[in-house]
Amino acid sequence: MATYKSDFLHTLESRGFIHQVSEPEVLDQLAKTGQVTAYIGYDCTAASLHVGHLLPTMMLRWMQKTGHRPIALMGGGTTRVGDPSGKDESRRLLTDEQINENLKSIRQIFARFLKFGDSGNDAVMANNADWLNTLNYIDFLRDVGRHFSINRMLTFDSVKLRLERQHELSFLEFNYMILQAYDFLELNKRYGCRLQMGGSDQWGNIINGIDLGRRVAGAQLFALTSPLITTASGAKMGKTAAGAVWLDPNLVSPYDYWQFWRNTEDGDVGRFLKLFTELPLEEIAKLTALKGSEINEAKKVLATEATAMVHGREEALKAEATARTTFEEGALAENLPSFDAKKSELEAGIGILNASVQAGFVSSTSEARRQIKSGGIKVNDVTVTDEKMTLTPKDLTQEGVIKLSLGKKKHVLLRAV
RNA sequence: GGGGGAGUGUCCCGAGCGGCAAAGGGGGCGGACUGUAAAUCCGCUGGCUAUGCCUUCGCAGGUUCGAGUCCUGCCUCCCCCA
C-alpha cells in the first residue's frame, strides 16, 4: 500500500480502515490540498444502528476530524427497495411510516459521532427519499438508465450469485444498484460530494456511481471501501445470543455494551482498538504488546473507550466500575442490571424458575430447569441445586437485593419494592 | 398449459421402514480447564401448574388403534417440455 500524504487517508490507512481505494494518488492529493466531501449510505431497516455500523461511522468521524465534510446518507428511499447484495432472499419491505420512525431514532445516534450543522466541515444528514421518491420513471430511464449496461450488471457478484444459485431476484431489487449510483450523482450535484465509502461488498455499487458521474456530469468521483470485519475465530462481528449489539442504550445497556467489548477475543484487541477507539496508535501498540492474561487490561481499555464513544464517558466508567466489583472483587455491585419484584410476592416466596425468567436470562421455565440441572444458576453466588427452591426475604442481602446469576457472566439483581 | 422434484424441530443445514418430541451437524447456552479470551473436552438445546399433560414436520381434509411417513385437494419454490 502506498503511504498517504493526506491526514485523512493516512489515518484511515494506519488504523486499518482501508480495503480498496480507486485512484489513491489523486484522492490523496485532493484530500491534502482541500476539503473533500464524502458519503456513506445507511439503510433504515431498524430503529437503531448496531455494532456493524460502527466501522463506517468511524470513517465519517475521522473524516470530519481531519478537516473534511462527511455526509450520512439515510436510505429512506432505497430502503423501500432493498439491497440484494449478499442475500439470497428479498428483504421485507417496510412502510414509509416505519422508515421515517427509524430515521428519527437513528439520527440521534449519529449525533454522538458527528457534528452536524451548516458551516465549514459540519456533517450533513441527507435522505435519498428526497430525490428518489419524486423520480419520474421515463425521465429517469432516459437520463440515467441509458448509461447502464445489462450485460455488465449481470456480471456483478450481487446479481451473479443470485442467478447462479437460482434464487429469485426481482426487477425491483435489480434496480437497487442503479439507484445507489444515482445517489452518488445526486450528492455530487447537491453537495459536491466526490467520494463514496462503504464496506468491501459495496465496491461494485460504488464503481457504478463513479461511472455514472463521469458520463452524466463529467465528474471525477472516488471509491473507498473498508474490510469486512470478522472476529479472529471467523465469526461475524457484533452478533450475540440476544441478537445484534445495538448502540441505543434502551436496547443494549451501557453495561452490556461494555461487556460486549470486554469479551473480545485476544487476537482482535489490537485491531479493534485501532478501529473502534480514538486512542493514539503508540498507546495501542503498547496495549497490544501485553502478554498472556495481561491482555485483559487492553480489553478493559477497549471496552471503556468504545463505550464512552457511544454512551459517554460517565456511563463507560460506571460500567467499568460495576464490572470490577463484580468480577475482580467478587462483591455485589449496585449498578448491575436489575428488575423489581413486589415485597408481598417475595414474602410469599418466588420460585427460582420464575425468578430466572423475570431476570431475563432464560426464556422459559423449562430452560431455567435445564440450567439448574447443569449448575448454571446461582443465587447470591451459591449454585442452585433444587429447582423447587423459592426466594424469600431471607435471601435479601444487606443491600436489600438478591443477586441472580446465569453462568459466570450474567448477573441480575432482584430488588424488592 | 404438460411432466418431474422439493417444502421437517419458528436460528440455519439436514436424515427420517406407519409407533416420533423426530437421527446428525452448525450455531447457541451451561459445565470443566483458563484470564470474563481462544482451542479442547462434557452436558443441554419444543412448552406447561411436569413420574403426567399440551403443541410441533408448507396448508386443509381423509385412511388407520396410531400419520412427518399413505390418499385427496390447495399454496409456494425449483427443473424439463410447450
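For the numbers below, each heavy atom of this structure counts, side chains included, while hydrogens, waters and symmetry mates do not. Reminder, nothing fancy here: chain letters follow the sequence lines and each chain counts from 1.
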Students often get this wrong, so: under 4.0 angstrom with heavy atoms, is [X] touching a base, only sugar-phosphate, or nothing?
X	result
A:S374	sugar-phosphate
A:G267	nothing
A:T264	sugar-phosphate
A:K378	nothing

- [ ] Starting from the C-alpha separation in whole Å, work towards a yes-or-no answer on side-chain hydrogen bond (donor to acceptor under 3.5 Å, both in side chains) for A:Q202 and A:Q196.
- [x] CA-CA 10 Å; A:Q202 293 298 314; A:Q196 182 182 170; over 6 Å; no
Strand partner of [N], provided both Watson-Crick or wobble distances fall under 3.5 Å:
N	value
B:rC70	B:rG62
B:rC53	B:rG47
B:rA32	B:rU40
B:rU10	none

Pairwise [atom1] distance for [N] and [M], with rounding to whole Å:
N	M	atom1	value
B:rG5	B:rU72	P	13 Å
B:rG35	B:rU45	C1'	28 Å
B:rA6	B:rU10	P	23 Å
B:rG25	B:rU34	C1'	28 Å
B:rC20	B:rG73	P	30 Å
B:rG58	B:rC53	C1'	28 Å
B:rC48	B:rA39	P	32 Å
B:rU8	B:rG62	P	24 Å

Taking [atom1] from [X] and [atom2] from [N], how many angstroms apart are they, rounded to a whole number?
X	N	atom1	atom2	answer
A:D266	B:rU34	CG	C1'	11 Å
A:L302	B:rU36	CG	C1'	14 Å
A:E265	B:rU34	CD	C1'	15 Å
A:E297	B:rU36	CD	P	11 Å
A:E387	B:rU51	CD	P	11 Å
A:I377	B:rG30	CD1	C1'	10 Å

- [ ] Give a yes or no on whether the ring-centroid distance for A:H411 and A:Y255 is below 6.0 angstrom.
- [x]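 They do not qualify: ring centres at least 6.0 Å apart.
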TODO: May I ask you to check whether A:F110 and A:Y42 place their ring centers less than 6.0 Å from one another?
DONE: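 Centroid distance A:F110-A:Y42: below 6.0 Å, so yes.
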Task: Reported CD1-to-CZ distance for the pair A:I377 and A:R370, which is rounded to 0.5 angstrom - done: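 It is 11.0 Å, given to the nearest 0.5 Å.
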Open item on the list: To the closest 0.5 Å, what do you measure between CG (A:L302) and CZ (A:R262)?
Closed with: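 Answer for the CG-CZ pair, A:L302 versus A:R262, is 10.0 Å.
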Open item on the list: Should the side chain of A:K300 and the base of B:rU36 be counted as holding a donor-acceptor pair, with the cut-off at 3.5 Å?
Closed with: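 Check fails, no donor-acceptor contact within cut-off.
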Task: Side-chain-base donor-acceptor pair under 3.5 Å for A:E328 and B:rU36 - done: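 Checked by distance alone, the answer is no.
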Minimum-distance nucleotide to [X] side chain [options: [options]]:
X	options	value
A:K299	B:rC29, B:rU36, B:rA37	B:rA37
A:N263	B:rU36, B:rG30, B:rG35	B:rU36
A:R369	B:rU49, B:rG30, B:rG35	B:rU49
A:S366	B:rU36, B:rG30, B:rG47	B:rG47
A:R370	B:rA38, B:rG35, B:rG47	B:rG47
A:K408	B:rG30, B:rG31, B:rC44	B:rG31
A:I295	B:rG35, B:rC29, B:rA37	B:rG35
A:K409	B:rC48, B:rU36, B:rG30	B:rU36

Task: Test salt bridge (Lys or Arg N to Asp or Glu O under 4.0 Å) applied to A:D268 and A:R271, step by step - done: CA-CA 5 Å; A:D268 292 326; A:R271 197 161 46 116; 2.8 Å; yes
TODO: On RNA chain B, check which nucleotide each of A:N296 and A:G407 is closest to and give me the residue with the more 5' one.
DONE: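 Per heavy-atom nearest nucleotide, the more 5' residue is A:G407.
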- [ ] Name the residue closer to the 5' end of RNA chain B, choosing between A:S293 and A:S364 according to the nucleotide with the nearest heavy atom.
- [x]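 Counting from the 5' end, the first nearest nucleotide belongs to A:S293.
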- [ ] Check each of A:F140, A:F148, A:Y176 against A:Y182 using the ring pair (Phe, Tyr, Trp, His ring centres under 6.0 Å) test, and report the only one that passes.
- [x]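 Going through A:F140, A:F148, A:Y176 one by one, the ring pair (Phe, Tyr, Trp, His ring centres under 6.0 Å) with A:Y182 is satisfied by A:F140 alone.
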Open item on the list: Whether A:T365 contacts B:rC48 is assessed here as follows: a side-chain N or O lying under 4.0 Å from the phosphate OP1 or OP2. Is that the case?
Closed with: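 Answer yes for this pair, as a side-chain N or O of A:T365 is under 4.0 Å from OP1 or OP2.
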Task: Heavy-atom neighbours of A:E314 CD exceed 12 at 6.0 Å - done: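 Not more than 12 within 6.0 Å, no.
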